[in-house]
Novice: 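Please see the structure below; I have some questions.
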Number of protein chains: 2
Amino acid sequence: MTSTLTTPDYRACMTCAGFNLRKANRAISQFYDEVFRPLGIRGTQYSLLVAVKLTAPVLLTQLADYAQMDRTTLTRNMELLVNQGLLTVSAGKDKRTRNVNITADGVELLELAYPLWQQAQAKISAGMGAERLAHFLADLSALVDVSQHS
Amino acid sequence: MTSTLTTPDYRACMTCAGFNLRKANRAISQFYDEVFRPLGIRGTQYSLLVAVKLTAPVLLTQLADYAQMDRTTLTRNMELLVNQGLLTVSAGKDKRTRNVNITADGVELLELAYPLWQQAQAKISAGMGAERLAHFLADLSALVDVSQHS
DNA sequence: GCTTAATAGGAGTATATACACATAAAAGGA
DNA sequence: TCCTTTTATGTGTATATACTCCTATTAAGC
């Protein structure tokens with residue numbers, strides 16, 4: 001008999017990697033958003049500011065590769081930070097390209113945000129255990145690889 | 001000296017649980033969206049249909065608890081499936097409540113989608129190893145607990 | 001040099017997500 | 001019964017995300 005003749009056991013979907021990853025992503029994103037709320041930024045925005053700080057001056061597409069984020073998503077996310085004066089986007093030599101930089105205000109904000117991030121990371125590390133957290137991060141990376149080579 | 005006098009080492013943020021979880025979430029969501037694209041639904045929508053199938057008839061807030069999703073997010077996500085005739089939302093005895101159900105079309109679609117999900121899950125399980133995947137899911141759950149009790 | 005490819009980016013649209021605020025109905029207490 | 005509180009839900013708004021289609025510019029072949 002073929003699988004189309006059997007009734008699916010949908011309870012198996014409780015172990016779906018996508019479902020559980022999205023669930024955790026929602027919880028963790030809310031956690032980090034709350035951490036950074038006193039500074040008026042979200043977790044995503046902190047990560048983006050850090051990425052620019054570490055790579056600037058950087059082209060839009062290079063930054064998207066670095067953060068493994070869709071180029072158009074990055075554009076929309078950066079727009080908010082540009083409007084707040086935390087990032088700048090300027091034309092490069094190649095007239096097609098855009099250079100992304102972090103402003104003095106952006107760096108100043110990052111210096112306030114970093115201790116908050118450290119505390120948050122410390123809570124997670126303490127709660128899970130440092131070794132388990134390290135394994136978890138490696139598993140996340142492996143999962144990304146598997147999903148992109150299937 | 002206090003931490004405010006030292007220059008932050010932003011490279012440490014490459015181990016940020018939030019950053020890496022969001023990154024993996026983007027990759028995995030794209031993977032599942034591609035899996036279900038032939039059927040015209042997204043990974044999130046498959047998960048939601050399964051959740052309703054497993055719990056129907058169910059109240060909106062109960063379903064939100066089950067999926068650990070914000071109630072208003074659920075409302076918006078369901079709206080799309082209701083418009084496609086895959087779910088129904090009807091008034092309950094208590095005039096405040098809404099009963100969520102899956103339609104015959106919804107069940108029919110699920111039966112086509114389930115084998116696709118099985119194949120996707122098998123790919124991930126084979127790529128990571130079943131045992132590592134099981135540990136990973138447990139870690140995700142632990143992370144959610146830590147983030148919600150901090 | 002001219003034509004064609006590849007590259008960098010933007011805009012339109014759609015879904016996923018959740019916070020703040022508002023409303024209606026049920027439950028509980030005096 | 002009436003007042004207060006709790007509960008269930010909807011709406012407005014904002015961010016995060018990515019796909020499709022489009023334009024401008026550069027690089028590559030001939």
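Numbers restart at 1 for each chain; the letters A, B, ... are given by sequence-line order, proteins then strands.
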Novice: Below the 4.0 Å mark, does dT15(C) have OP1 or OP2 next to a side-chain nitrogen or oxygen of N77(B)?
Specialist: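 For N77(B), the contact criterion (side-chain N or O under 4.0 Å from OP1 or OP2 of dT15(C)) is not met.
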Novice: OP1, OP2 of dT9(D) versus side-chain N and O of T61(B): anything below 4.0 Å?
Specialist: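 Answer is yes, contact under 4.0 Å.
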Novice: Can you tell me if Q30(A) touches the phosphate of dA18(C), counting only side-chain N or O atoms and a distance under 4.0 Å to OP1 or OP2?
Specialist: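 For Q30(A), the contact criterion (side-chain N or O under 4.0 Å from OP1 or OP2 of dA18(C)) is met.
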Novice: Can you give me the closest heavy-atom contact between M14(B) and N20(B), atom names plus distance?
Specialist: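 Reported closest heavy-atom pair: O-ND2, 2.8 Å.
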Novice: Atom CD of Q68(A) and atom P of dT17(D): how far apart are they, to the nearest Å?
Specialist: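 Taking atom P of dT17(D) as the reference, CD of Q68(A) is at 13 Å.
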Novice: Tell me which nucleotide, if any, is Watson-Crick or G-U wobble paired with dT26(D) when both distances must be under 3.5 Å.
Specialist: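 Across all strands, not a single nucleotide pairs with dT26(D).
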Novice: Should the side chain of R76(A) and the base of dT13(C) be counted as holding a donor-acceptor pair, with the cut-off at 3.5 Å?
Specialist: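 Looking at the base of dT13(C), it does pair with a donor or acceptor on the side chain of R76(A) (distance under 3.5 Å).
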Novice: Verify the contact: side-chain N or O of Q62(B) to OP1 or OP2 of dA8(D), cut-off strictly under 4.0 Å; return yes or no.
Specialist: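 So the side chain of Q62(B) is outside the cut-off, no N or O lying under 4.0 Å from OP1 or OP2 of dA8(D).
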Novice: Would you find a donor on one side and an acceptor on the other, under 3.5 Å apart, between the side chain of S29(A) and the backbone of N25(A)?
Specialist: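 Yes: the side chain of S29(A) pairs with the backbone of N25(A).
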Novice: Are F31(A) and L143(B) grouped together when hydrophobic residues (ILVMFWY) are joined by side-chain heavy atoms under 4.5 angstrom apart?
Specialist: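 F31(A) and L143(B): one cluster.
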Novice: Using whole Å, what does the distance between atom C1' of nucleotide dA18(C) and atom CG of D33(A) come to?
Specialist: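 These atoms are roughly 9 Å apart.
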Novice: Would you mind telling me which of dC19(C), dT15(C), dA18(C) lies closest to the side-chain atoms of R37(A)?
Specialist: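 That would be dC19(C).
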Novice: Ignoring hydrogens and geometry beyond distance, is the side chain of R42(A) in donor-acceptor contact with the base of dT15(D) at under 3.5 Å?
Specialist: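 Flag unset: no donor-acceptor pair detected.
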Novice: In terms of the nearest nucleotide of DNA chain C, which residue is placed more toward the 5' end: N99(A) or L80(B)?
Specialist: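 Mapping each residue to its closest nucleotide by heavy atoms, the 5'-most match is N99(A).
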Novice: With hydrogens left out and only the distance checked, is there a donor-acceptor pair under 3.5 Å joining R98(A)'s side chain and the base of dG10(C)?
Specialist: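 Side chain to base: no pair below 3.5 Å.
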Novice: For D94(B), report the nucleic acid contact type (base, sugar-phosphate, nothing); a contact means any heavy atom under 4.0 Å.
Specialist: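 Sugar-phosphate contact only - D94(B) comes under 4.0 Å of backbone atoms but never of a base.
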Novice: With a 4.0 Å limit, can you tell me whether T73(B) has a side-chain N or O closer than that to the phosphate oxygens OP1/OP2 of dA16(C)?
Specialist: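 So the side chain of T73(B) is outside the cut-off, no N or O lying under 4.0 Å from OP1 or OP2 of dA16(C).
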Novice: Assuming nearest nucleotide by heavy-atom distance, tell me which of R71(A) and K95(B) is located more 5' along DNA chain C.
Specialist: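 Its nearest nucleotide being more 5', the pick is R71(A).
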Novice: dA5(C): syn or anti, with syn meaning chi within 90° of zero?
Specialist: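 Syn, angle within 90° of zero.
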Novice: Consider the side chain of M69(A), meaning its heavy atoms from C-beta on, and name the nucleotide among dA18(C), dT9(D), dT17(D) that approaches it most closely.
Specialist: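 Of the options given, the side chain of M69(A) lies nearest dT17(D).
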Novice: Rounding to a whole Å, what distance do you find between Y32(B):OH and dA16(C):P?
Specialist: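 The answer, rounded to whole Å, is 16 Å.
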Novice: For a 4.5 angstrom cut-off between non-hydrogen side-chain atoms, does Y46(B) reach Y114(B)?
Specialist: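 Y46(B) reaches Y114(B) side chain to side chain.
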Novice: Supply the atom-to-atom distance L109(A) CG to K53(A) NZ, rounded to the nearest 0.5 angstrom.
Specialist: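 Reported to 0.5 Å precision, the distance equals 13.0 Å.
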Novice: What is the pairing partner of dA5(C), taking Watson-Crick or G-U wobble pairs with both distances under 3.5 Å in any strand?
Specialist: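 No nucleotide pairs with dA5(C).
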Novice: Would you say dG10(C) has OP1 or OP2 under 4.0 Å from some side-chain N or O of T75(A)?
Specialist: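 Yes.
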Novice: Looking for any heavy atom pair under 4.0 Å, which part of the strands does T97(B) touch: base, sugar-phosphate only, or nothing?
Specialist: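 Contact class for T97(B): sugar-phosphate only.
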Novice: Measure from CZ on F31(A) to C1' on dC19(C) and round the result to the nearest Å.
Specialist: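 Between C1' of dC19(C) and CZ of F31(A): 18 Å.
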Novice: Please round to the nearest 0.5 Å and tell me the distance separating atom CG of L116(B) and atom CD of E34(B).
Specialist: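 Answer for the CG-CD pair, L116(B) versus E34(B), is 12.0 Å.
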Novice: Counting only distance, no hydrogens or angles, is the base of dT7(C) paired donor-acceptor with the side chain of R96(A) under 3.5 Å?
Specialist: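 By the distance-only test, yes, there is a pair.
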